[in-house]
Each structure stands twice: as structure tokens, then as C-alpha cells.
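The structure under discussion appears below in the form of C-alpha cells.
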Amino acid sequence: MDKQEKGWTPAPGETPFEILGGEPVVRRIAQLFYDHMERSAPEVAALHRLDENGRVHPEPRENFASFLVFWLGGPNEYLHTRGHPRLRMRHAPFPIDEKMRDGWLLAMKLALDEVGVYGEVRDYLDARFATVAEAMRNL
């Protein structure tokens with residue numbers, strides 16, 4: 001099987017974090033993700049801590065941005081401040097069904113579109129996000 005058939009995977013020293021443009025771009029994706037979630041999947045946004053204006057509070061936005069930096073292969077500050085991600089445990093208290101999963105994925109798709117993430121790295125990220133989003137389903 002050649003590289004084309006199995007899809008792109010990061011090579012040593014070639015992480016999605018680096019390909020996307022590093023921390024500023026990854027943090028922008030995280031912020032856009034929540035902005036799109038509020039508009040396109042308000043039922044998902046409502047599961048988060050909200051500010052006085054009904055928007056996702058800066059704290060969960062920052063936590064996700066830090067996680068995304070780490071998860072995409074950037075600095076591991078998230079591990080030092082929040083510990084192991086334990087995604088299933090952290091999401092277990094929230095009702096996550098297919099509609100919630102799809103809303104989450106739509107918000108991420110729109111954020112990646114807005115930043116201009118395309119090609120092999122986009123295919124790779126779409127597949128990874130879909131796998132993680134499905135794993136969070138508990139309904």
C-alpha cells in the first residue's frame with residue numbers, strides 16, 4: 001500500500017501543529033470553533049460554561065485552545081496545567097448523542113474552512129476529529 005492509499009500521517013518533525021502554522025493559527029482555530037459552535041450548534045455551546053452574554057466563557061475556550069496545541073503536536077503546556085486529557089471522563093457528565101457529535105464536528109469544519117486548512121493535513125484532521133467526536137458519544 002502506498003502513501004496515497006493509506007492517507008497522510010505526520011512524519012517525525014512534521015506535526016499538524018507545525019503544518020498549520022504553530023500556536024497562533026491553532027489558537028485561532030480554537031476561537032473560531034467556539035464562534036461557529038455558538039451560531040451553528042447552540043445546543044452544544046449550551047453544554048459549556050457561558051459568560052454573562054450567553055457566549056462560551058473564555059476559560060473553556062482557553063482550555064480547549066491549550067489542549068488543541070498539545071494534541072496537534074505543539075508544546076505540552078496543557079499537560080503541565082491540566083494533566084492528562086482524559087477526554088471520555090471529562091465529557092461523561094454531558095449528554096452527547098449523534099446530534100451533539102455532528103454539531104461539534106460542524107463547528108470544527110467551519111473553523112478549519114475559515115482558516116483555510118485543506119489537502120492531506122485536512123483529511124487527516126477530519127478523520128481524527130471524527131474518531132474523537134464519536135468516542136465522546138454516550139447516548
For Val56 and Arg49: C-alpha separation, side-chain torsions, deciding distance, then whether side chain to side chain contact (heavy atoms under 4.5 Å, CB included) applies.
CA-CA 6 Å; Val56 176; Arg49 178 177 165 201; over 6 Å; no
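- A cation-pi geometry, defined here as NZ or CZ lying under 6.0 Å from the six-membered ring centre and within 45° of its normal, does not hold between Arg122 and Trp8.
- For the pair Pro85 and Leu79, the tightest heavy-atom approach, listed with the atom from each and the gap, is CD-CD2, 4.0 Å.
- In this structure, Val69 and Glu23 approach most closely via the heavy-atom pair CG2-CG, 3.9 Å.
- The line from OH of Tyr124 to OG1 of Thr9 is 7.0 Å long, rounded to the nearest 0.5 Å.
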Side chain to side chain contact (heavy atoms under 4.5 Å, CB included) assessment of Phe67 paired with Leu87:
CA-CA 10 Å; Phe67 167 76; Leu87 294 179; 4.0 Å; yes
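- Counting only residues at least two apart or on different chains, no salt bridge (charged side-chain N to carboxylate O under 4.0 Å, His left out) pair has a member in residues 65-84.
- Distance check: Trp104 CH2 to Leu47 CG gives 13.5 Å after rounding to the nearest 0.5 Å.
- Between Leu106 and Ser40, the shortest heavy-atom contact is CD2-CB, 3.9 Å.
- The CZ atom of Arg39 sits 14.5 Å away from the OH atom of Tyr34 when rounded to the nearest 0.5 Å.
- A distance of 14.0 Å separates CZ of Arg27 from CG of Leu20, quoted to the nearest 0.5 Å.
- Between Phe70 and Tyr78, the ring-plane angle classifies as parallel under the 30° and 60° cut-offs.
- Expressed to the nearest 0.5 Å, how far CZ of Arg137 lies from CZ of Arg88 amounts to 10.5 Å.
- Side-chain contact between Met136 and Met100 is absent, with no heavy-atom pair separated by less than 4.5 Å.
- Residues Lys109 and Asp126 fail the side-chain proximity criterion, which asks for heavy atoms closer than 4.5 Å.
- Residues forming a side chain to side chain contact (heavy atoms under 4.5 Å, CB included) with Pro58 (at least two apart in sequence, or on another chain): none.
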Walk me through it: do Asp97 and Arg101 pass the test salt bridge (charged side-chain N to carboxylate O under 4.0 Å, His left out)?
CA-CA 6 Å; Asp97 59 12; Arg101 175 203 62 199; over 6 Å; no
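- The shortest non-hydrogen separation linking Thr15 to Pro10 is CA-CB, 4.3 Å.
- Two residues are said to be in side-chain contact when any heavy atoms from C-beta on lie closer than 4.5 Å; Leu32 and Leu110 fail this criterion.
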Any chance you could lay out the side chain to side chain contact (heavy atoms under 4.5 Å, CB included) test for Met108 and His36, step after step, and finish with the verdict?
CA-CA 8 Å; Met108 183 55 72; His36 285 292; over 6 Å; no
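- Note that the OH atom of Tyr118 and the CG atom of Leu125 stand 13.0 Å from one another [nearest 0.5 Å].
- Between Trp71 and Phe64, the distance from one ring center to the other does not fall under 6.0 angstrom.
- The aromatic rings of Phe94 and His91 stand perpendicular to each other, their planes meeting at an angle above 60°, with 30° marking the opposite boundary.
- Between the Asn138 side chain and the Ile96 main chain, a donor and an acceptor come within less than 3.5 Å of each other.
- In plain terms, the two heavy atoms of His84 and Arg90 that are nearest each other are O-NH2, 3.1 Å.
- Taking every heavy atom of both residues into account, Phe17 and Pro75 meet most closely at CZ-CD, 3.6 Å.
- Inter-residue side-chain proximity for Arg55 and Arg61 is flagged as met; some heavy-atom pair is nearer than 4.5 Å.
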